[in-house]
2 protein chains.
Amino acid sequence: MADAGSWGNRTLVADLGAARGAEVTVAGWVHRVRSLGRVSFVLLRDRSGIAQLVFPGSVDISSESVITATGTAEANERAPGGFEVQVQEHRVLSAAADLPLAVNGRPENLSLDAQLDHRMLALRIPKLLDVFKVQATIVESFARHLRGEGFTEIKTAKLIGSGTEGGTGLFAVRYFDRDVFLAQSPQLYKQAMVAAGLERVFEVGHAYRAEKHDTPRHLNEYVSLDVEIAFIDSEHDLMDLEQRILKTIFAAIAERNRRELAAWGASVPDAEAVDALPRLNHDQALGVASDRLGRRVYEVSPEVERELCAWAASEHGTEGCFVYGDPRRKRPFYTHPAPDGKTMSFDLLFRGVEITTGGRRIEQHDALAESITANGLSVESLADYLQVFRYGCPPHGGFAIGLERLTQKVLGLENVKEASLFPRDRKRTRP
Amino acid sequence: MADAGSWGNRTLVADLGAARGAEVTVAGWVHRVRSLGRVSFVLLRDRSGIAQLVFPGSVDISSESVITATGTAEANERAPGGFEVQVQEHRVLSAAADLPLAVNGRPENLSLDAQLDHRMLALRIPKLLDVFKVQATIVESFARHLRGEGFTEIKTAKLIGSGTEGGTGLFAVRYFDRDVFLAQSPQLYKQAMVAAGLERVFEVGHAYRAEKHDTPRHLNEYVSLDVEIAFIDSEHDLMDLEQRILKTIFAAIAERNRRELAAWGASVPDAEAVDALPRLNHDQALGVASDRLGRRVYEVSPEVERELCAWAASEHGTEGCFVYGDPRRKRPFYTHPAPDGKTMSFDLLFRGVEITTGGRRIEQHDALAESITANGLSVESLADYLQVFRYGCPPHGGFAIGLERLTQKVLGLENVKEASLFPRDRKRTRP
């Protein structure tokens with residue numbers, strides 16, 4: 001789309017090829033300056049890419065200044081993109097001060113702390129900004145897929161009177177004369193909207209975990225891609241749905257983010273690889289991991305998650321697996337029991353880490369009340385939740401995908417914080 | 001899309017016509033039961049609509065129970081939708097207890113408090129649920145329009161170390177060993193991402209205002225549709241953009257939500273009416289309102305907003321207007337001054353209320369620092385914000401549309417709380 005107002009005849013860097021031979025006006029950030037005395041080369045960065053500008057004489061513009069330049073677009077096979085602009089005149093719109101970090105260098109030379117301390121500036125490094133172009137594709141394709149299957153997008157309250165899952169791990173908010181909490185998940189509200197008659201809902205929204213540990217896989221504030229659907233039999237219907245969603249997301253990334261994937265040396269699984277994701281029940285998963293590790297394991301720890309993904313790669317040629325049917329003690333009170341005494345729950349492990357957890361929920365009021373009590377929670381504190389099931393609720397279930405974790409795993413980022421524009425951890429609450 | 005697992009051969013109510021003469025299985029909520037002794041009529045509600053089931057003999061199923069029923073689909077011009085199912089067998093999946101409010105009645109008979117106290121159940125009333133089908137269209141079409149113009153969707157932090165706009169009206173969150181605040185808007189982060197090189201960004205996210213007043217136009221938690229764009233001249237470029245967005249949103253609602261609009265007796269402006277939205281500067285707006293009210297007015301109060309919309313209807317045949325060029329004292333410190341000494345700001349009034357506020361921002365570091373001081377704020381407390389402008393920032397601006405307010409105005413809802421699934425006000429923090 002053309003730019004606005006007096007910028008209407010601005011040419012984007014990506015469109016220089018089509019403008020070859022013509023006078024063009026470009027605008028953007030000064031990525032790098034190389035003055036050779038009689039001539040200077042300036043790399044100009046805009047939202048579409050990077051192009052070379054050729055200035056007569058020497059140039060005194062600081063890196064990251066925003067400029068506009070007018071000149072002739074010409075082919076030059078040694079220039080990035082194959083085109084350059086022979087500049088006749090230019091104007092500095094906003095001069096940059098000396099930079100505390102190099103924006104035109106390799107982000108690998110910056111520590112994560114340096115990246116995050118100077119986040120506003122570090123995000124100008126093209127490779128770091130690319131992460132969020134991929135993330136935007138994930139959000140769009142997730143929503144588009146679900147709308148195509150008849151889901152309705154909802155936006156639910158993040159300020160809640162009490163915790164659905166018991167109250168631990170919640171951030172408290174001073175709300176006028178009382179305390180409320182930040183929602184850990186939209187679980188209750190998703191279920192309420194399924195029961196209200198929408199049957200199929202999804203939400204893209206923030207979620208909060210007041211967890212003290214600081215690991216490469218945890219954020220205290222994250223974006224949850226949430227799904228809930230009525231009229232299912234078991235967790236297998238949910239795994240089927242998640243496979244269809246992932247195929248849409250990965251196809252969209254492969255199509256739109258080729259450049260970003262290349263920058264990170266990353267690739268996404270094709271449809272065949274998603275279809276090939278094996279499903280292990282909890283006992284099978286522990287058996288596989290025990291065999292591979294040469295010792296008996298009793299729970300799906302981070303180490304076991306990595307081992308199961310390695311097994312899926314070698315045995316099934318795919319990069320993850322589902323683990324379903326957890327024992328009841330491992331799952332929240334609302335998880336639907338399975339006929340074998342376990343639960344209708346599942347996790348998706350992908351590239352070594354859990355990116356989804358979900359399952360069928362209990363929809364029968366009395367069974368749910370009993371499960372609440374059996375889990376040591378109080379029926380009174382969950383009265384609003386129980387109301388949903390008192391007045392007719394279909395069989396249903398759902399799951400949540402952590403947006404940052406999926407982004408991290410798609411691009412092979414070391415730390416999930418790299419996949420959050422402005423991450424929040426125990427120590428970090430700015431910028 | 002077909003339902004999952006054993007539900008694969010379920011027929012949706014909306015598809016009964018195509019199944020005429022065949023044996024079908026339907027599933028959903030019992031909307032109403034009328035037993036005539038030898039025969040009973042049950043209205044069944046599913047996500048696609050309401051259909052009549054004909055049971056032999058009398059029926060003892062409570063309203064809102066979830067059932068599945070198998071029988072023959074037949075034409076009956078007196079049945080809702082023109083088709084009914086002659087039931088051979090049925091099963092109650094989830095029996096409903098006695099209802100505290102009627103779900104099959106007219107919502108007009110329920111007070112707003114009753115609707116909100118029993119929100120989970122009240123949302124089963126089709127007309128109330130319809131509000132959120134329209135809202136889902138708004139969210140989808142807003143994002144789709146902006147992607148079409150090269151915008152990137154972002155998700156920014158809602159937990160912030162300090163307030164951008166001075167710290168009043170913020171909710172405090174206890175965050176481990178310190179306090180942080182809930183963001184009033186993603187203003188700083190939108191600007192940071194424009195300056196980081198994305199140039200065009202949008203966000204759909206929650207925003208928080210710790211305002212004590214409880215009016216039909218305020219929520220303490222709401223969803224903000226946020227836009228920010230680089231390379232503009234003035235607020236007029238932003239008004240142009242908003243008109244294009246609104247045309248896309250209104251066209252999508254007109255196409256997809258005909259039934260919901262009819263239920264509310266509402267309609268959306270066509271493209272011509274959006275193009276016709278007049279633009280008044282602040283002085284012109286006060287002049288028009290003063291003339292109409294027969295007394296001098298000095299600010300755009302809610303009464304003036306209504307008067308200006310009435311004027312736009314009678315003079316321009318459209319349902320709102322833009323008011324631009326506010327004096328500096330009316331606008332936040334970051335608003336770009338205009339050549340006439342006023343500001344490059346604007347509001348959009350629609351159907352009597354302000355639904356958007358925005359403007360061009362100051363992009364020059366020193367001018368911004370000066371404006372911060374002149375507004376009685378401290379440069380130190382806004383240090384992170386100022387960093388964005390220290391290192392090269394293009395001319396830019398943006399605006400925000402309140403999702404609930406737009407939904408309210410599209411459907412003609414009396415109170416904005418009706419357009420929030422689970423509204424939060426000073427007293428209400430549940431369900």
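Every chain is numbered from 1, with letters handed out A, B, ... down the list of sequences.
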Would you indicate whether the side-chain heavy atoms of L198(B) and M193(B) approach each other to under 4.5 Å? yes
Is there a side-chain contact between L182(B) and K158(A) in this structure, where contact means two heavy atoms from C-beta onward sitting under 4.5 Å apart? no
If we define contacts as heavy-atom pairs under 4.5 Å, which of R430(B), K212(B), H236(B), E153(B) has the most with chain A? R430(B)
One option among V30(A), D179(A), V223(A), I154(A) has the most heavy-atom pairs under 4.5 Å with chain B, and it is D179(A)
Can you tell if the side chain of I229(B) reaches within under 4.5 Å of the side chain of E199(B), non-hydrogen atoms only? no
Given heavy-atom pairs under 4.5 angstrom as the criterion, report whether the side chain, backbone, both or neither of L241(A) touches chain B. neither
Let's test your reading of the structure: which of A383(B), P100(B), S62(B), S63(B) forms the most heavy-atom pairs below 4.5 Å with chain A? P100(B)
Using a 4.5 angstrom heavy-atom cutoff, name the option from T152(A), L238(A), N220(A), V103(A) with the most pairs to chain B. N220(A)
Heavy-atom pairs under 4.5 Å with chain B, option from E140(A), R45(A), E363(A) with the top count: E140(A)
Using heavy-atom distances under 4.5 Å, tell me whether L121(A) contacts chain B through its side chain, its backbone, both, or neither. side chain
What option among A192(A), A136(A), A172(A) has the most heavy-atom pairs under 4.5 Å with chain B? A172(A)
Pairwise side-chain contact, V92(B) with I61(B), heavy-atom cut-off 4.5 Å (strictly under): yes
Measure P395(A) against the heavy atoms of chain B and call it side chain, backbone, both or neither at under 4.5 Å. side chain
So which part of L129(B) gets closer than 4.5 Å to some heavy atom of chain A, the side chain, the backbone, both or neither? side chain
Check each atom of V388(A) against the heavy atoms of chain B and say whether the ones under 4.5 Å are side chain, backbone, both or neither. both
Contact origin within Y222(A) toward chain B - heavy atom pairs under 4.5 Å: neither
Max heavy-atom pairs within cutoff under 4.5 Å with chain A, candidates I67(B), L403(B), T156(B), D233(B), goes to D233(B)
Classify the ring geometry between F171(A) and Y175(B) as parallel (under 30°), tilted (30 to 60°) or perpendicular (over 60°). parallel
Considering only heavy atoms, which portion of E221(B) lies under 4.5 Å from any heavy atom of chain A: side chain, backbone, both, or neither? side chain
Against chain B, label A2(A) side chain, backbone, both or neither, depending on which of its atoms sit under 4.5 Å from a heavy atom there. backbone
Do V13(B) and I50(B) have side chains that get closer than 4.5 Å, going by heavy atoms? no
Among Q135(B), H206(B), H365(B), Q364(B), single out the residue with the greatest number of heavy-atom pairs under 4.5 Å to chain A. H206(B)
Using non-hydrogen atoms and a 4.5 Å limit, figure out which bit of E149(A) sits close to chain B: side chain, backbone, both or neither. both
Y208(A) and L159(B), any side-chain heavy atoms less than 4.5 Å apart: yes
With a 4.5 angstrom heavy-atom cut-off, could you sort out which part of A95(B) is near chain A: side chain, backbone, both or neither? backbone
Pick from K133(B), R144(B), E211(B) with the largest number of heavy-atom pairs that fall under 4.5 Å of chain A: E211(B)
Could you check whether any side-chain heavy atom of E404(A) comes within less than 4.5 Å of a side-chain heavy atom of L219(A), counting everything from C-beta outward? yes
With chain A, the option among R10(B), Q387(B), E64(B), K155(B) that has the most non-hydrogen atom pairs under 4.5 Å is R10(B)
On a heavy-atom basis, the closest approach of R119(A) and P431(A) is CB-CG, 3.7 Å
Interface moiety of A195(A) toward chain B, non-hydrogen atoms closer than 4.5 Å: both
Regarding Y385(B) and Q191(B), do their side chains bring together a donor and an acceptor under 3.5 Å, going by distance alone? yes
Does the side chain of L123(A) reach to within under 4.5 Å of the side chain of F132(A), using non-hydrogen atoms? yes
Over all atoms of both residues, closest heavy-atom pair of K417(A) and D425(A): NZ-OD2, 2.8 Å
Check this for me: D98(B), atom CG, are more than 12 non-hydrogen atoms of other residues, nucleotides or ligands nearer than 6.0 Å? no
Would you please test D3(A) and R200(B) for salt bridge (charged side-chain N to carboxylate O under 4.0 Å, His left out) and show each step? CA-CA 10 Å; D3(A) 283 285; R200(B) 300 175 166 206; 3.2 Å; yes
Bottom line for Y391(A): the part with an atom under 4.5 Å from chain B's heavy atoms is both
Can you tell which part of A122(B) gets under 4.5 Å to a heavy atom of chain A, answering side chain, backbone, both or neither? neither
If you compare all heavy atoms of A419(B) against all heavy atoms of V131(B), which two are closest, and at what distance to 0.1 Å? CA-CG1, 4.0 Å
So what's closer than 4.5 Å to chain B heavy atoms on L93(A): side chain, backbone, both or neither? both
Chain B contact via V201(A) - which portion, at a heavy-atom distance below 4.5 Å: neither
Among P423(A), A143(A), A96(A), G148(A), which has the most heavy-atom pairs under 4.5 Å with chain B? A96(A)
Examine distances only and state if a side-chain atom of R178(A) and a backbone atom of K427(B) form a donor-acceptor pair shorter than 3.5 Å. yes
Checking D366(A) against chain B: side chain, backbone, both or neither under 4.5 Å from a heavy atom? neither
